[in-house]
Each structure stands twice: as C-alpha cells, then as structure tokens.
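Take a look at the structure below.
All values derive from a computational prediction rather than experimental measurement.
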Amino acid sequence: MSQRTMDINLMERHYKVNCPEGQEVALQQAADQLNQKLEHIKQVTRLSHPEQIAVMAALNLCHESAQLELSQRQRIQELEEKIKLLQETLEQVATEQRPGRK
C-alpha cells in the first residue's frame, strides 16, 4: 500500500506524517481529536511544556481506552449470558414440541 505525506497541526506546531492512501480523512480526524485533547489539558492543568501536555494526554487516552475495553468486555459477557439463556429456552421449547412426547 502506498503512503503519502500529510501535514497535521498539534498545539500550533506543524508535523509531517506518513499516511496510507485512503486514510487521510481518518488521520486528520484523529489529529483534530488529539489537538482538542491537548488544548483542553493545557487549559485545565495550566501546564506549558508541550512534552508534559503530551504525556498527560497519552495517559488520559490510555485510561479512556482501558475503560472502553473493560466496558466492552462487560457488555460481551452480558450478551453471551443472554444468548445462553435464549439457547436454553429454545432447547426447552424444542424438547416440549417433539412428536410422541406425552
């Protein structure tokens, strides 16, 4: 897959990054989201060093990702339990509907 170079802006700094063709919009959206996070952290924490702000953003993003992953695992477990209950109910109904059953 071919790459192209894109310009993105983060905290008023310009970066050139490689991006697979067809992923330009997704990269720009990610850069915009990251920039919003960086600016928010800069305002809330009053940190001024870009490296400190970037580390705080990375920690926040990792925490959010871990929370989403936990939430997804819990939701999957809930869905698996519902599926199991549905399967058991279907099996019970199928057993009761068999011909020759008294």
Quiz item: How long is the span from the CD1 atom in I76 to the OG atom in S71, to the nearest 0.5 Å?
Solution: 9.5 Å
Quiz item: Is the backbone of L27 close enough, under 3.5 Å, to the side chain of Q29 for a donor and an acceptor to pair up by distance?
Solution: no
Quiz item: Rounded to the nearest 0.5 Å, what separation is found between the CD atom of Q77 and the CD atom of Q72?
Solution: 14.0 Å
Quiz prompt | Pairwise side-chain contact, H14 with D7, heavy-atom cut-off 4.5 Å (strictly under) | solution = no
Self-check item: CD on Q28 to CE on M6, rounded to 0.5 Å
Solution: 5.0 Å
Quiz item: With hydrophobic residues grouped by side-chain heavy-atom distances under 4.5 Å, do L59 and L68 end up in a single group?
Solution: no
Quiz prompt | All pairs passing salt bridge (charged side-chain N to carboxylate O under 4.0 Å, His left out) where residues 79-88 contributes a residue, at least two apart | solution = none
Quiz item: Do you know which two heavy atoms are closest between S2 and E21, and how far apart they sit?
Solution: OG-OE2, 2.7 Å
Quiz item: Checking T95 side chain against E91 main chain: does a donor-acceptor pair fall under 3.5 Å?
Solution: yes
Donor-acceptor pairs under 3.5 angstrom involving side-chain atoms of residues 33-40: please list them, not counting sequence neighbours.
unit_1: N35; atom_1: OD1; unit_2: M11; atom_2: N; d: 2.6
unit_1: K37; atom_1: NZ; unit_2: E64; atom_2: OE2; d: 2.4

Quiz prompt | Co-membership, hydrophobic cluster, residues V25 and V17, 4.5 Å side-chain | solution = no
Quiz item: Would one find more than 12 heavy atoms of other residues, nucleotides or ligands at under 6.0 Å from atom CD of E78?
Solution: yes
Self-check item: Value rounded to 0.5 Å, distance of NZ in K16 from OG1 in T5
Solution: 7.0 Å
Self-check item: Distance-minimising heavy-atom pair for R13 and P50
Solution: NH2-CG, 3.2 Å
